[in-house]
A.B. asks: 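Below: one structure in structure tokens.
Residue numbers start at 1 and run along the sequence shown.
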Amino acid sequence: QVQLVESGGGLVQAGESLTLSCAASGLTFSDLNTAWFHQGPGKERELVAAISWRAGITYSVDSVKGRFVISRDDAANTVYLRMNSLTPEDTGVYYCATARGMMIPKTRDDYAYWGQGTQVTVST
């Protein structure tokens with residue numbers, strides 16, 4: 001049975017950092033593309049960063065480039081999202097999800113397995 005479990009969310013002030021973790025059971029991250037999605041209050045769930053099954057290939061949206069870094073620890077079968085210089089606009093629930101494919105999918109519907117999400121709240 002596949003299970004993705006996110007952790008590391010919390011309440012921080014603007015400008016601070018957080019590192020989210022996504023641990024998996026029942027699948028191996030190095031076989032799949034893995035992404036972090038952000039769902040702000042009242043908004044759609046959107047991809048912010050992803051890492052290919054091929055080591056070293058990552059993708060991030062413009063709004064987080066230079067601030068968020070996605071990485072993977074194959075030995076721990078865990079994917080991380082390091083979030084720096086957080087702003088109130090980064091507030092929301094963060095989900096990790098996995099998808100098959102040679103290329104990193106950019107749309108939510110391409111991702112088959114999802115975690116339950118972890119809440120990040122950035123105060124001013």
Side-chain angles (χ1 to χ4, degrees):
Q1 182 179 356
V2 173
Q3 189 174 22
L4 302 179
V5 179
E6 301 96 335
S7 61
L11 173 63
V12 297
Q13 292 188 328
E16 294 184 338
S17 299
L18 277 175
T19 298
L20 306 183
S21 301
C22 177
S25 57
L27 59 79
T28 302
F29 280 132
S30 59
D31 293 335
L32 299 162
N33 304 295
T34 306
W36 284 96
F37 285 76
H38 169 230
Q39 186 164 17
K43 296 184 178 180
E44 295 289 319
R45 194 176 301 186
E46 297 179 334
L47 185 149
V48 293
I51 186 166
S52 170
W53 59 273
R54 290 176 284 188
I57 298 176
T58 62
Y59 167 81
S60 59
V61 297
D62 288 344
S63 61
V64 306
K65 280 181 180 175
R67 299 191 302 124
F68 290 10
V69 179
I70 188 170
S71 62
R72 190 178 72 212
D73 181 339
D74 290 343
N77 202 29
T78 300
V79 172
Y80 303 95
L81 185 67
R82 174 68 176 177
M83 305 187 296
N84 299 315
S85 302
L86 285 161
T87 73
E89 289 68 35
D90 297 318
T91 292
V93 181
Y94 285 77
Y95 300 87
C96 68
T98 61
R100 298 190 179 278
M102 293 298 292
M103 308 295 288
I104 294 174
K106 306 298 194 310
T107 58
R108 187 175 66 184
D109 290 345
D110 292 320
Y111 288 81
Y113 294 108
W114 292 80
Q116 82 290 346
T118 186
Q119 175 71 42
V120 172
T121 303
V122 185
S123 64
T124 55

A.B. asks: Apply side chain to side chain contact (heavy atoms under 4.5 Å, CB included) to the pair F29 and L4, showing each step before the final yes or no.
C.D. replies: CA-CA 10 Å; F29 280 132; L4 302 179; 3.9 Å; yes
A.B. asks: Do you reckon V93 sits in the same ILVMFWY cluster as Y80, going by side-chain contacts under 4.5 Å, direct or chained?
C.D. replies: no
A.B. asks: Residues in side-chain contact (heavy atoms from CB on, under 4.5 Å) with A35, at least two apart?
C.D. replies: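 Testing A35 for side-chain contact (heavy atoms from CB on, under 4.5 Å), a comparison that skips the adjacent residues, returns F37, L47, A50, Y111.
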A.B. asks: Is there any side-chain hydrogen bond (donor to acceptor under 3.5 Å, both in side chains) pair reaching into residues 24-41, and which pairs are they, with sequence neighbours excluded?
C.D. replies: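 Found Q39-R45.
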A.B. asks: Ignoring hydrogens and geometry, is there a side-chain-to-backbone donor-acceptor pair from Q116 to E6 under 3.5 Å?
C.D. replies: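 Yes, the answer is positive, given that a donor and an acceptor are paired below the 3.5 Å cut-off.
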A.B. asks: Could you walk me through whether D110 and R100 pass the side chain to side chain contact (heavy atoms under 4.5 Å, CB included) test, one step at a time?
C.D. replies: CA-CA 8 Å; D110 292 320; R100 298 190 179 278; over 6 Å; no
A.B. asks: For K65, check side-chain hydrogen bond (donor to acceptor under 3.5 Å, both in side chains) against everything at least two apart and list the hits.
C.D. replies: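 Listed in chain order: D62.
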A.B. asks: Going by disulfide bond (SG atoms under 2.5 Å apart), name the pairs with one or both residues in residues 58-124, residues two or more places apart or in two chains.
C.D. replies: C22-C96
A.B. asks: Output the distance between atom OH (Y94) and atom OG1 (T118), rounded to the nearest 0.5 Å.
C.D. replies: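 Atom-to-atom, Y94:OH and T118:OG1 are 10.5 Å apart.
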A.B. asks: Check whether V69 and L81 end up in the same hydrophobic cluster, where Ile, Leu, Val, Met, Phe, Trp and Tyr are linked by side-chain heavy atoms less than 4.5 Å apart.
C.D. replies: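 Different clusters.
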A.B. asks: Excluding sequence neighbours, so at least two apart, what forms side-chain hydrogen bond (donor to acceptor under 3.5 Å, both in side chains) with T124?
C.D. replies: none
A.B. asks: Determine, step by step, whether V120 and L20 satisfy the side chain to side chain contact (heavy atoms under 4.5 Å, CB included) criterion, reporting the C-alpha distance in whole Å, the side-chain angles of both residues, the deciding distance to 0.1 Å, and the verdict.
C.D. replies: CA-CA 9 Å; V120 172; L20 306 183; 4.0 Å; yes
A.B. asks: Could you list the donor-acceptor pairs under 3.5 angstrom formed by side chains in residues 9-19, with sequence neighbours left out?
C.D. replies:
| unit_1 | atom_1 | unit_2 | atom_2 | d |
| --- | --- | --- | --- | --- |
| E16 | OE1 | Q13 | N | 3.0 |
| S17 | OG | N84 | OD1 | 2.9 |
| T19 | OG1 | R82 | NH1 | 3.0 |

A.B. asks: To the nearest 0.5 Å, what is the distance between CD1 (I51) and OG (S60)?
C.D. replies: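 Taking CD1 in I51 and OG in S60, the distance rounds to 11.5 Å.
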A.B. asks: Are the side chain of T78 and the backbone of A23 linked by a donor-acceptor contact shorter than 3.5 Å?
C.D. replies: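 No, the answer is negative, given that no donor and acceptor are paired below the 3.5 Å cut-off.
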A.B. asks: Do the side chains of L32 and V2 join up, straight or via other hydrophobic residues, at under 4.5 Å, putting them in one cluster?
C.D. replies: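 Linked within one cluster.
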A.B. asks: Check whether any side-chain heavy atom of R108 sits under 4.5 Å from a side-chain heavy atom of W114, and report yes or no.
C.D. replies: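 Yes. Closest side-chain heavy atoms under 4.5 Å.
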A.B. asks: For Y113, look at atom OH and say whether over 12 heavy atoms of other residues, nucleotides or ligands are found less than 6.0 Å away.
C.D. replies: no
A.B. asks: Check whether any side-chain N or O of W53 sits under 3.5 Å from a backbone N or O of G101 as a donor-acceptor pair, and report yes or no.
C.D. replies: yes
A.B. asks: Would you name the heavy atoms of R67 and D90 that are closest together and state the gap between them?
C.D. replies: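 The answer is NH1-OD2, 2.8 Å.
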A.B. asks: Would you say V79 and I57 are hydrophobically clustered, going by side-chain heavy atoms of ILVMFWY under 4.5 Å?
C.D. replies: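 Per the 4.5 Å side-chain linkage, V79 and I57 are co-clustered.
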A.B. asks: Kindly compute the distance separating CZ (F68) from OG (S63), expressed to the nearest 0.5 Å.
C.D. replies: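 F68 atom CZ to S63 atom OG measures 7.5 Å (nearest 0.5 Å).
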